[in-house]
Trainee: 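Take a look at the following structure, please.
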Amino acid sequence: MKLIKSKDYAEMCQKAARIFAAQVTLKPASVLGLATGSTPVGMYQELVKKYDEGKVDFSAVRTVNLDEYVGLSGDNDQSYRYFMNHNLFDHINIDKANTHVPSGLAADLEAECADYEAVVASMGGVDIQLLGIGNNGHIGFNEPCDCFPVTTHPVDLTESTITANARFFATMDEVPKKAITMGIGTIMKAKKIVLMANGKGKAQIIYDTIFGPVTPQVPASVLQLHPDVLVFVDEEAYSVIAEKCTPEQLATIL
Ligand code: GLP
């Protein structure tokens, strides 16, 4: 894993956006694995800016998103499909037919998961996968558990994730309790992975992800086993690493 420090969120987003822009420039028909949450919003804004400046062409790009809430339609403003349209797809020259988010309304969730896994495989896999990280170390919606789920699957969200998401909904009853997510195996098959984290609240989990044991109790820790992971952090998300790591440990990631 390689760590890229930035002084603040804005700089972190600029640096991460350069990696995605370079990917699309070098391979116009890239398959981008995309993520939701507040963390990547600034990175998407940077990509839109590069598109507006004529620096990136998304016309041949295909995308697959990590996850979606069960029970929300794509036009619900809390769905991840809506998030992607609103934050990125509506502002660039991507063909929406080439963008994929699992359907949260599928009658048969298991079949939807199998179909989604097949979609990812039919594209030849993901060239570069963007990840945020939950406070408990989840990636996509792979929550802490006893084993790493391999493929796309339905998941019961943990209390901590439901509580963290509650801020976006008017009442607790409306907060989704289930989601569909790519599995850890699906994520690990990506050729390259970009993990982004900012703010003090992510500092401990970023330390655990990089320096803790590889355990399904910290799902992101599995990334230690991937050969090509870039971790983008701001000063605050770096703070526990700065405090706890020896110079020898730092030398392995900087
Ligand atoms: C949700 C998403 C994750 C995301 C996480 C962190 O749980 N499913 O993909 O990484 O939120 O969100 P934030 O970036 O808002 O901290």
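Numbering of ligands and ligand atoms starts at 1, following listing order. Side-chain atoms are counted along with the backbone in the values below, which use heavy atoms only and exclude waters and symmetry mates.
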Trainee: Please state which part of I139 comes within less than 4.0 Å of ligand 1, counting heavy atoms only: side chain, backbone, both or neither.
Mentor: neither
Trainee: Provide, to 0.1 Å, the distance between atom 14 (O) of ligand 1 and the closest protein heavy atom, together with that atom's residue and name.
Mentor: T39 OG1, 2.5 Å
Trainee: Please determine if D67 has a nitrogen or oxygen closer than 3.5 Å to a nitrogen or oxygen of ligand 1.
Mentor: yes
Trainee: May I ask you to identify the nearest protein heavy atom to atom 6 (C) of ligand 1, giving residue, atom name and distance to one decimal place in Å?
Mentor: I133 O, 3.5 Å
Trainee: Would you say H138 contacts ligand 1, with heavy atoms under 4.0 Å as the rule?
Mentor: yes
Trainee: When you measure from the centre of the six-membered ring of F232, is the NZ or CZ of K15 under 6.0 Å away and within 45° of the axis?
Mentor: no
Trainee: Considering only non-hydrogen protein atoms, determine which one is nearest to atom 12 (O) of ligand 1 and report residue, atom name and distance to 0.1 Å.
Mentor: G37 CA, 3.9 Å
Trainee: Taking distance alone, with N or O pairs closer than 3.5 Å, would you say N165 contacts ligand 1?
Mentor: no
Trainee: For the 3.5 Å polar cut-off, considering only N or O atoms, please tell me whether P40 and ligand 1 meet it.
Mentor: no
Trainee: If we only count N/O pairs under 3.5 Å, is G140 in contact with ligand 1?
Mentor: yes
Trainee: Return the closest protein heavy atom for atom 16 (O) of ligand 1 as residue, atom name and distance.
Mentor: K202 NZ, 2.6 Å
Trainee: Which atoms of ligand 1 sit under 4.0 Å from any heavy atom of Y80?
Mentor: 1 (C), 2 (C), 8 (N)
Trainee: If you measure from the Lys or Arg side-chain nitrogens to the Asp or Glu carboxylate oxygens, is any gap between K49 and E46 under 4.0 Å?
Mentor: yes
Trainee: Looking only at heavy atoms, is any part of S38 under 4.0 Å from ligand 1, and if so is it the side chain, the backbone, or both, or is it neither?
Mentor: both
Trainee: Could you tell me, atom by atom, which parts of ligand 1 come under 4.0 Å of a heavy atom of G132?
Mentor: 10 (O)
Trainee: Specify the protein heavy atom at minimum distance from atom 4 (C) of ligand 1: its residue, its atom name, and the distance to 0.1 Å.
Mentor: T36 O, 4.0 Å
Trainee: Does Y238 have K5 sitting over its ring (NZ/CZ under 6.0 Å from centre, angle to axis within 45°)?
Mentor: yes
